[in-house]
Each structure stands twice: as structure tokens, then as C-alpha cells.
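Note that the structure is predicted; figures quoted are calculated from it, not measured. Just follow the structure's listing: the first ligand is 1, and inside any ligand the first atom is 1.
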Amino acid sequence: MQPLKSSISNPIRGEIRVPGDKSISHRSLLIGALAVGETVIEGLLEGEDVLCTAAALRALGAGVARASDGVWRVQGVGLGGLREPSGVLDMGNSGTAARLLMGVLASHPLTAFLTGDASLRRRPMARVQVPLEQFGARIVAREGGRMPLAITGAGEPMPITYRLPVASAQVKSAVLLAGLNTPGKTTAIESQPTRDHTERMLRHFGAELATAEEAEGALAVTVTGQPELTGRHIQVPADISSAAFPMVAALVVPGSEITLAGVGMNPRRTGLVDTLADMGAGIERLNETEIAGEPVADLRIRAGGLTGVEVPASRAPSMIDEYPILAVAAAVAEGTTVMHGLAELRVKESDRLAAMARGLATCGVQVEEGRDSLTVHGCGGRAPGGGAIETDLDHRIAMAFLVLGMAAEQPVSIDDAEPIETSFPGFVALMNGLGAGIGPAETAA
Ligand code: S3P
């Protein structure tokens with residue numbers, strides 16, 4: 001346990017680059033391992049979640065090695081070339097690592113045992129178990145498909161068409177990855193478009209993907225099985241979900257101005273930037289470009305008054321990981337912010353809806369927690385603060401409340417900063433380098 005305390009901050013200033021995108025990092029390792037030849041990845045996120053994917057792929061026979069800071073080399077085994085691991089695969093805290101790997105394994109005829117930390121073991125895997133069993137995979141899991149579980153991939157997988165019951169890029173990706181080593185065409189239909197990093201990266205490696213619009217905004221994504229995937233060069237953009245923390249910090253600490261370099265701006269991920277703009281934030285996009293199939297830009301952010309807004313449910317997939325930090329922006333804004341369509345937040349690393357409502361209330365902010373909504377009554381400036389937050393193995397809850405402390409009358413403390421390593425190694429040093437005041441708390445919160 002690493003308790004930390006965040007106190008009122010001077011204006012933050014400077015130019016930084018946050019670590020590589022977590023979603024793209026997982027996918028570059030996974031797809032690189034299934035390609036023929038070498039994949040070189042620059043800017044890989046070296047956080048614990050991604051290191052779990054790397055270790056699992058090594059156990060499955062791929063060559064995955066760190067060459068230098070953020071530069072990794074993957075020697076792919078080719079589709080169908082994975083070998084049975086002799087031990088249990090520990091996916092740590094990472095739902096993405098677990099669900100995407102299960103997708104890959106579903107069409108490889110071998111048996112693997114998967115587990116994770118206390119947070120991951122309480123998260124639902126039935127959402128991938130159901131479609132993967134349709135390919136012919138066998139999965140034995142705890143109630144609700146929970147881990148630990150065993151998966152035996154299909155020897156002769158059948159292609160499927162699967163309509164996603166929840167808006168989840170993880171489920172879509174598991175289906176598409178299972179479809180890779182399956183003859184014929186596999187289709188995932190999503191009623192709301194979710195992040196499309198898997199689709200972009202598969203194309204980058206040479207796979208054939210087609211998308212078709214369906215009624216009421218639904219999207220059908222089809223992959224043609226057994227493509228020839230060839231090793232590639234990948235540059236991972238900075239993670240917009242990590243950039244979100246210094247971004248909001250710069251907005252809520254008066255006098256701040258920062259630049260965030262090389263941030264991934266995939267339109268299916270930019271819901272927070274749109275919402276903050278609706279609230280009146282000054283966020284400028286500079287040097288917009290595209291790298292390895294993903295849009296990227298530098299973001300210049302200046303502090304300024306924020307006003308509460310209504311955030312529609314339709315925006316949730318494009319900012320699903322950003323609600324904790326949006327709730328912090330809302331707490332400092334003038335007026336009320338209402339966020340709709342948040343049911344999925346209850347099955348993230350923690351129940352983030354409950355965690356934000358509880359934590360903000362502890363810090364003197366007036367909040368209402370609905371079944372799938374959150375209402376935050378903004379303080380119109382500094383929040384009272386003074387709360388002690390239980391982070392419950394959730395990196396984003398930890399970082400969100402450290403940012404709140406920067407704009408609060410009284411310091412905010414968190415009981416454990418260790419989970420931050422899963423997605424944003426070096427977070428505290430980076431924030432303090434900009435001028436934040438985050439340091440050890442005397443006692444556990
Ligand atoms: C992710 C998808 C999202 C997100 C997670 C990463 C991905 O989950 O919350 O942090 O890389 O595909 P869902 O797709 O399950 O909402």
C-alpha cells in the first residue's frame with residue numbers, strides 16, 4: 001500500500017508526453033505475436049497491464065523482448081502457431097488483456113488457465129465466454145464466467161455473427177481476434193460504435209476487414225479469417241485516457257497552461273475533449289497527423305472557468321474510462337453536470353460510479369448517484385476536499401482524486417497509489433514536474 005496526499009497546487013506549466021496508449025499497446029503485442037516475422041513497437045506502454053500481456057504471449061511461445069525504453073521487439077509465431085502454456089497465465093488487473101487473449105485462444109486448439117488480481121477476478125467474463133463458445137471453444141469458469149477459468153480453443157472453429165449486448169470494444173475485439181484463425185467471415189455487430197483500434201491494427205498487419213452500417217446507427221464489422229499477417233513497425237501514440245488527468249488538472253488549477261504531445265485522437269476516444277469543450281474549456285489541437293493508422297495531435301490546454309453540462313448516454317463509449325476525471329472537472333465547475341448511460345462503470349476495475357459518488361461526497365461535493373447516472377453539483381471553484389479515498393485497486397479512481405486535491409481547500413488523500421502503475425507509470429513525478437504538490441500521506445487513508 002502506498003498512501004499519497006495531494007494538496008492545493010500552484011499553476012501547472014510545461015510540455016509533457018504521457019505514456020503510450022494502453023489499448024493500442026496490448027493490441028500491438030497480441031497481433032504482432034500472431035504475425036509472421038518481426039514487429040517493432042515504439043512507445044509501448046510499460047505499465048503492469050501491458051506487461052501481463054507480454055508475459056502471457058511469451059508463455060504461449062512468442063518472442064517478446066524489450067530492446068530499450070519503450071521499444072519492444074515481437075517475434076510472431078504466425079496464426080495458429082501458439083503453444084500450450086505450462087503454467088497459469090496471470091492477467092493482473094487488466095480486463096483488456098484477459099478478454100482479448102481469450103479471443104485469440106478461442107480458435108487455437110490448446111488449453112490455457114487464466115487468473116488475475118482481486119479486481120479482475122470479480123469482473124464478468126461471461127460477456128466473452130458466450131460468443132467464444134459459439135466458435136466451438138470450451139470455457140470452464142466460476143459463476144458469471146469469472147476467473148480463474150480454463151479455456152480450450154476450438155480445433156475446427158466455426159465463424160459466427162454476433163450482436164453485442166453491451167457497447168464493449170473488448171467484446172468486439174475478442175470476437176474479431178477469434179475470427180482471425182477461423183475459416184470464413186466473422187462479424188461483430190455493435191449498436192453503438194466503440195474504439196476501433198483492433199480493426200485499424202489488423203488492417204495495418206494485412207488483414208481484410210469490412211464495416212457496414214446497419215439500422216439505427218449500428219455497425220457490422222467483418223473480418224475474413226486466416227489472413228497472412230506480416231510483422232510491422234508500430235508507433236504507439238500517447239494515451240488520451242492518461243492525458244485526461246493532466247488535462248483536467250490544467251483546467252481546474254487557475255493560471256495553468258500545458259501542452260500534451262503526441263496524444264492519440266481516435267474519434268472513438270475523444271468524448272472527454274468534446275465534453276470539456278462543451279463546458280467551456282480551452283483545448284487547442286495542434287500538429288494533427290496520422291501515425292500507423294491512428295490520428296494524433298498535440299493538445300494545448302489553458303485554465304478557465306468550466307460550466308456544468310448534460311452528458312448524453314450516446315457519448316459513453318467514446319469516454320468510458322474518463323468519467324472519474326470528468327466528475328472531478330464537474331466538481332470544480334459552475335453549475336450542475338449530469339452524466340447518463342454509466343451502467344458499464346459498475347463493472348470496471350472497481351464500481352466507478354459508486355466510487356466517484358462516495359469519494360466526491362467525502363470531499364464535500366454534493367452528488368447524486370443514480371442506477372446508471374451521476375449528478376455533480378459544481379462548487380464553482382475549489383472543492384472543500386479533506387477526504388480520505390479508498391481506491392479499491394482502481395488506478396483511475398486514484399489519479400482522479402489526486403487531481404481533485406490540486407483544486408481543493410483541504411488536501412485529498414488516497415489509501416493506495418500502487419494501482420497507478422497499471423496504466424500510468426511515473427504519474428506522480430510527471431504531475432509534480434508540472435508544479436503539482438503530491439506527496440506521501442502520513443498514514444493510510
Ligand atoms: C478497452 C475498452 C474499454 C475500456 C478499457 C480498454 C479496450 O472497455 O474501458 O479500459 O482496450 O478495448 P469496454 O470495451 O469493455 O468498455
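For Ile320, the closest heavy-atom approach to ligand 1 falls below 4.0 Å. Under a 4.0 angstrom heavy-atom cut-off, Lys348 registers as being in contact with ligand 1.
Of the heavy atoms in Lys172, none comes closer than 4.0 Å to ligand 1. Only the side chain of Arg27 comes within 4.0 Å of ligand 1, counting heavy atoms alone; its backbone N, CA, C and O stay farther away. Using a 4.0 Å cut-off between heavy atoms, His26 makes no contact with ligand 1 at all.
Here Ser318 contributes atom OG and Arg268 contributes atom CZ; the two are 10.0 Å apart, rounded to the nearest 0.5 Å. In this structure, OG1 in Thr198 is found 11.5 Å from CZ in Arg203, a value given to the nearest 0.5 Å. For the atom pair CE of Met102 and CG of Leu177, the computed distance is 12.5 Å after rounding to the nearest 0.5 Å.
Between Ser173 and ligand 1, no pair of N/O atoms sits closer than 3.5 Å. The shortest N or O to N or O distance between Ala169 and ligand 1 is below 3.5 Å. Checking only distances, Glu344 never comes within under 3.5 Å of ligand 1, N or O to N or O. For ligand 1, the polar-atom distance check finds an N/O of Ser23 within less than 3.5 Å of one of the ligand's N/O atoms.
Given atom 15 (O) of ligand 1, the protein heavy atom at minimum distance is Ser168 OG, 2.9 Å.
Salt bridge status for Arg269 with Glu322: absent, with no side-chain N to carboxylate O gap under 4.0 Å. Salt bridge absent: Asp274 and Arg315 never bring a charged side-chain N and a carboxylate O closer than 4.0 Å. In summary, Arg195 and Asp321 engage in a salt bridge, as defined by a charged side-chain N under 4.0 Å from a carboxylate O.
The Thr96 neighbourhood of ligand 1 comprises atoms 1 (C), 5 (C), 6 (C), 7 (C), 11 (O), with distances under 4.0 Å to a heavy atom of that residue. Atoms of ligand 1 lying under 4.0 Å from at least one heavy atom of Asp321, given by number and element, are 4 (C), 5 (C), 9 (O), 10 (O).
Among His26, Arg99, Arg27, the one residue that satisfies the side chain to side chain donor-acceptor pair (under 3.5 Å) test with Ser173 is Arg27.
Taking each heavy atom of Gly231 and Ala35 in turn, the nearest pair found is N-CB, 3.7 Å.
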